[in-house]
Amino acid sequence: MHDGKEKYKISFTSIPHEPIIESVFPETNNAFILINARVQILPLFLQKMVADAISEMEQFLKCRMVKKSRSSFKPGFPKPTHRIPA
């Protein structure tokens, strides 16, 4: 999250654990949030889950979130240039 003055980071390394928050968030009128998720789920399901979570947060915080851009994808199978024999 970036509030125009400082940057903050929240990390989830797995689902059962509490998030690691690197700072305390101040009150602000504007913030930019980047969600970088690497999860094993179909991209369309992930898009819907994130959109639903954003809608819930808008209702809970009584605010409006503007979505600037969005992309989700399923990476292809890796094609290594070198293989090490077993």
Side-chain angles (χ1 to χ4, degrees):
M1 182 183 96
H2 189 280
D3 67 358
K5 296 176 186 170
E6 295 191 43
K7 292 182 181 180
Y8 307 91
K9 181 179 177 189
I10 300 173
S11 300
F12 288 93
T13 55
S14 63
I15 291 175
H17 301 291
E18 292 294 318
I20 300 165
I21 301 174
E22 294 183 353
S23 296
V24 176
F25 299 118
E27 279 192 37
T28 184
N29 291 326
N30 296 298
F32 299 94
I33 300 172
L34 169 69
I35 300 171
N36 183 356
R38 288 182 169 81
V39 295
Q40 192 171 352
I41 190 171
L42 291 173
L44 289 175
F45 291 140
L46 178 59
Q47 280 184 7
K48 178 156 179 18
M49 289 173 66
V50 170
D52 290 348
I54 289 171
S55 293
E56 286 181 34
M57 290 306 297
E58 287 175 322
Q59 291 174 17
F60 179 75
L61 297 172
K62 296 179 179 33
C63 70
R64 183 175 67 97
M65 297 187 189
V66 178
K67 294 87 176 173
K68 295 229 174 194
S69 65
R70 167 179 70 187
S71 67
S72 59
F73 60 91
K74 181 177 179 180
F77 194 77
K79 297 176 185 172
T81 55
H82 303 284
R83 293 199 182 263
I84 300 172

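- Minimum interatomic distance between Lys74 and Pro43 (heavy atoms only, all atoms of both residues): N-CG, 3.7 Å.
- Atom CD1 of Ile33 sits about 5.5 Å away from atom CE of Met65, to the nearest 0.5 Å.
- Evaluation of the salt bridge (charged side-chain N to carboxylate O under 4.0 Å, His left out) test over residues 38-64, restricted to residues two or more places apart or in two chains, returns Lys48-Asp52, Glu58-Lys67.
- More than 12 heavy-atom neighbours from other residues, nucleotides or ligands sit within 6.0 angstrom of CG on Leu61.
- Scanning all heavy atoms of the two residues, the minimum distance from Cys63 to Met57 falls at SG-O, 4.4 Å.
- Going from atom CD1 of Ile35 over to atom CD1 of Ile54 covers 4.5 Å, rounded to the nearest 0.5 Å.
- Residues Val50 and Arg70 form no side-chain contact, since every pair of their non-hydrogen atoms from C-beta on lies 4.5 Å or further apart.
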